[in-house]
Number of protein chains: 2
Amino acid sequence: MTTARPLRADAQRNRARVLAAAERVFAERGTAASTEEVARAAGVGVGTVFRHFPNKEALLQALVVQRLARVAADAREHATSPDAGAAFFDFFATVVHGSGTKLELVDALAELGIEPNEAVAPVAEEVTEAVAALLQRAQHAGAVRRDIDVRTVIALLAGASQAHRYAPDDRPLAVILDGLQGPIAQ
Amino acid sequence: MTTARPLRADAQRNRARVLAAAERVFAERGTAASTEEVARAAGVGVGTVFRHFPNKEALLQALVVQRLARVAADAREHATSPDAGAAFFDFFATVVHGSGTKLELVDALAELGIEPNEAVAPVAEEVTEAVAALLQRAQHAGAVRRDIDVRTVIALLAGASQAHRYAPDDRPLAVILDGLQGPIAQ
DNA sequence: TTGCAACCGGAGTGATCAGTCCGTATCCTC
DNA sequence: GAGGATACGGACTGATCACTCCGGTTGCAA
C-alpha cells in the first residue's frame, strides 16, 4: 500500500505506449510474441518495458486487468438504461462484438500457469458485481430466465466470444441470447 | 500419395506412445511445453519424436486431427439413434463434456500462425458432414430451429466447450441447448 | 538555469528450446 | 540365425528469448 510518487511525464507516456503496443502485438501475433517486438512497436527500448512491468507475466496481467476493467465499465454504463432486458442483452452483445481477442488472454495466462491471482482478482470482482446487477434487474423484469447465476452468464460471455471467432456473424450470439431468455414453452 | 511400407512394430508402438504423451503433456502444461518433456513422458528420446513428426507444429496438428476424428466418430455414432432430436443434443453434450482441452488446441495452432490447413482440412470436412447430417435430421424432426447452419452449430460447440471450462457444470450447456431449440414463443 | 533524481536505450548474459546427426540397438526377411 | 534395413537415444548446435545493467538523456524543482 506504498503510495508511490507520481510518474514523470515521459514515463507515464511510455507506459501507456507499451500497454497499447502490447495489446496490438499480442492480438496479432499471439502471446508468444517477444517482448522486444512489443518494445519496437511501442517505439521504446526493451529496458523501458521491463522497468514498467517487472516481467512478461506482469505485462500480460496488466493487459487482462485493462480489458476486464473495460467490461466492467460497459456493464455499469448499461445499468442506467430504463429497459432492464435490453440493457442486459445489449451489454452481452457489446462484449462479444468488442471481444476481438479479449478472452484469449485469460487463456493465455492460464496456459502460462498463472491462475487469476491477486492482481486480477479485484477487477474480476468488479466485473462480477456489475454483471450481477445487470442480470438481477433483467431477471426481475422477466427478460432473463431465473435459473442461472452470474457465474453462468460470465461463462457464456466467454463461450459466445469464442463462438464469434469461429463464425463471425451474429447467429451464435442470437442462439445464446435466446437461450438466456428461457427454454421454449413447449 | 506415396503409400509407404508399413512401420516396423516398435516404430508403430512409439508413434502411438508419443501421441498419447503429447496429449497429456500439452493438456497439463500447455502447448508451450517442450518436445523433450513430451519425449520423456513417452519414455522415448527426442530424436524419436522428431522422426515421427518433422516438427512440433506437425505433432500439434496430428493431435488436432486425432481429436477431430473422434468428434466425427461421435457424430456418426449418434446418427443411428431413432430419436433425431435426442441424437443431436446428446452428441452436443458428449463433445462438450469430453472436450477437456479439446478445442484449445485449435486455438493453439491458430496462435502459432497456422490456419486449419491441408493436413487438418480433410478431418474438418468429415466433422462438418457428420454434424450436418445430425443437424438436418434434428431440424426435420422439429427439435432444432431451422434458421441455423452447421457452421453456427460448430461455432457453438466451440463456445459451449469454452464456457464449460469457466463454469464446469451443465448450466451454460443447458442455456445453449435451449437456444438451439428456438426463441421462446412469446 | 542549474543540478540531480528519475528515466531511457540497447548491448550483453544465461537459459531454454526446436531440430540434427550418428553410433548403436532392434526388427524382419530369407 | 545371419544380414541388412529400419528405428532408436541423446549429446550437440544455433537461434531465440526473458531479463539485467549502466552510460547517457530528460524532466522538474528551486
Side-chain angles (χ1 to χ4, degrees), chain A residues 2-26 28-64 105 108-109 111-114 119, chain B residues 2-26 28-64 105 108-109 111-114 119:
Chain A
T2 46
T3 311
R5 152 160 24 80
L7 287 176
R8 231 170 64 176
D10 54 345
Q12 226 165 332
R13 191 178 54 235
N14 279 336
R15 203 193 123 96
R17 275 189 191 161
V18 168
L19 224 38
E23 191 160 14
R24 278 203 314 276
V25 171
F26 289 145
E28 274 171 30
R29 314 178 58 94
T31 54
S34 74
T35 313
E36 211 171 308
E37 211 167 338
V38 172
R40 220 178 306 131
V44 136
V46 253
T48 299
V49 175
F50 283 105
R51 196 166 318 103
H52 287 291
F53 306 95
N55 48 48
K56 197 179 176 180
E57 184 182 320
L59 176 55
L60 251 3
Q61 257 180 31
L63 243 28
V64 169
L105 272 180
L109 280 179
E111 266 208 27
L112 290 176
I114 310 151
Chain B
T2 46
T3 312
R5 152 161 21 81
L7 288 175
R8 230 169 63 176
D10 53 345
Q12 227 166 331
R13 190 177 56 235
N14 279 335
R15 203 193 123 96
R17 275 187 192 162
V18 168
L19 226 37
E23 192 160 14
R24 278 202 316 275
V25 171
F26 289 143
E28 274 171 30
R29 314 178 59 92
T31 54
S34 73
T35 313
E36 210 168 310
E37 209 166 340
V38 172
R40 221 179 305 130
V44 135
V46 252
T48 299
V49 174
F50 282 106
R51 196 166 317 102
H52 286 291
F53 306 96
N55 49 47
K56 198 180 175 179
E57 184 182 320
L59 176 56
L60 252 2
Q61 257 181 28
L63 244 29
V64 170
L105 272 180
L109 280 179
E111 266 207 29
L112 290 176
I114 310 151

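Just so we're clear, the structure is a prediction, and the values are computed from it rather than from any experiment. The sequence lines fix the lettering, A, B, ..., with proteins before strands; numbering per chain opens at 1.
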Could you tell me how far apart [X] ([atom1]) and [N] ([atom2]) are, to the nearest whole angstrom?
X: Q12(A); N: dA6(C); atom1: CD; atom2: P; result: 15 Å
X: R51(A); N: dC8(C); atom1: CZ; atom2: C1'; result: 5 Å
X: R29(A); N: dC17(D); atom1: CZ; atom2: C1'; result: 14 Å
X: H52(A); N: dT20(D); atom1: NE2; atom2: C1'; result: 16 Å
X: F26(A); N: dC17(D); atom1: CZ; atom2: P; result: 12 Å
X: E57(B); N: dC17(C); atom1: CD; atom2: P; result: 19 Å
X: R40(B); N: dT16(C); atom1: CZ; atom2: P; result: 12 Å
X: R17(A); N: dC8(C); atom1: CZ; atom2: P; result: 10 Å

T35(B) vs dC17(C): side-chain N/O to OP1/OP2 distance below 4.0 Å: no

Short side-chain N/O contact from S34(A) to OP1 or OP2 of dT16(D), under 4.0 Å: no

Backbone N/O of F50(A) and side chain of K56(A): donor-acceptor pair under 3.5 Å: no

Which nucleotide in dC8(C), dG9(D), dA11(D) has an atom nearest any side-chain atom of V46(B): dA11(D)

Given dG9(D), dT20(C), dC8(C), the nucleotide with the shortest approach to the side chain of F50(B): dT20(C)

Out of curiosity, [X] [atom1] to [Y] [atom2], how far, rounded to the nearest 0.5 Å?
X: R24(A); Y: R29(A); atom1: CZ; atom2: CZ; answer: 12.5 Å
X: T31(B); Y: E57(B); atom1: OG1; atom2: CD; answer: 12.0 Å
X: F53(B); Y: L60(B); atom1: CZ; atom2: CG; answer: 11.0 Å

Sub-4.5 Å side-chain heavy-atom contact between F26(B) and V38(B): yes

Residue whose closest nucleotide on DNA chain D lies nearer the 5' end, K56(A) versus N14(B): N14(B)

Neighbour count >12 (heavy atoms, 6.0 Å) for atom CD, E36(A): no

5' precedence on DNA chain C between G45(A) and E36(A) (nearest-nucleotide basis): G45(A)

Anything under 3.5 Å between a protein N or O and an N or O of nucleotides 26-30 of chain C, put it in a table, one pair a line.
{"unit_1": "dT26(C)", "atom_1": "O2", "unit_2": "R8(B)", "atom_2": "NH1", "d": "3.0"}
{"unit_1": "dT26(C)", "atom_1": "O2", "unit_2": "R8(B)", "atom_2": "NH2", "d": "3.1"}
{"unit_1": "dC28(C)", "atom_1": "OP1", "unit_2": "A9(B)", "atom_2": "N", "d": "3.1"}

Heavy-atom closest contact (A42(A) atom, V18(A) atom, distance): CB-CA, 3.9 Å

